[in-house]
Amino acid sequence: VSQSRYTFGTLAGGLGCFPCALSGGRDAALYLAERLGIELGQTTADGRFTLVESECQGACGDAPVALVNNHSMRSFLTPDKLDQLLEELK
């Protein structure tokens, strides 16, 4: 269980989730990891963000998606949308 303030569940590898894989799920996860300076399964040094790989969310039409704190789904994740999300959660 993450001790960070925000946990991002992403479909990084597209494991079992072909639409997310085709729609840039891995790219979105890698971009988020790069921006946060962490890898999947890690938490930022300040304890604010954790990045984990998620199971399929059943939102194929909105791919790629991420689940924030197992509660809020974010859809159509482009680098710009990820930047906006990180800004919102500061």
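Quick note: numbers below take in every heavy atom, side chains included, and nothing from hydrogens, waters or symmetry partners. Throughout, residue positions are numbered sequentially from 1 according to the sequence presented.
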Is the count of non-hydrogen atoms from other residues, nucleotides or ligands lying under 6.0 Å from Asp83 atom CG greater than 12? yes
About how many Å separate OG of Ser23 and CG of Asp62, when rounded to the nearest 0.5 Å? 10.0 Å
Report yes if the side chains of Phe49 and Leu89 come closer than 4.5 Å at any heavy-atom pair, otherwise no. yes
Would you name the heavy atoms of Arg74 and Leu85 that are closest together and state the gap between them? NH1-CD1, 3.2 Å
Test side chain to side chain contact (heavy atoms under 4.5 Å, CB included) on Gln57 and Met73 and set out the steps. CA-CA 9 Å; Gln57 299 300 311; Met73 184 179 296; 3.4 Å; yes
One should read off an interatomic distance between Arg48 CZ and Thr43 OG1, to the nearest 0.5 angstrom, of 13.0 Å
Would you mind reporting whether Leu86 and Arg35 have side-chain heavy atoms less than 4.5 Å apart? yes
If you take all heavy atoms of Leu82 and Tyr31, which pair is closest and at what distance? CD1-CD2, 3.7 Å
From Ile38, Leu51, Leu77, residue fulfilling side chain to side chain contact (heavy atoms under 4.5 Å, CB included) relative to Leu32: Leu51
One should read off an interatomic distance between Leu36 CG and Tyr6 OH, to the nearest 0.5 angstrom, of 13.0 Å
Hey, could you give me the OG1/CD distance between Thr78 and Gln84, rounded to the nearest 0.5 Å? 7.0 Å
Asp46 versus Thr44, side-chain donor and acceptor atoms under 3.5 Å: yes
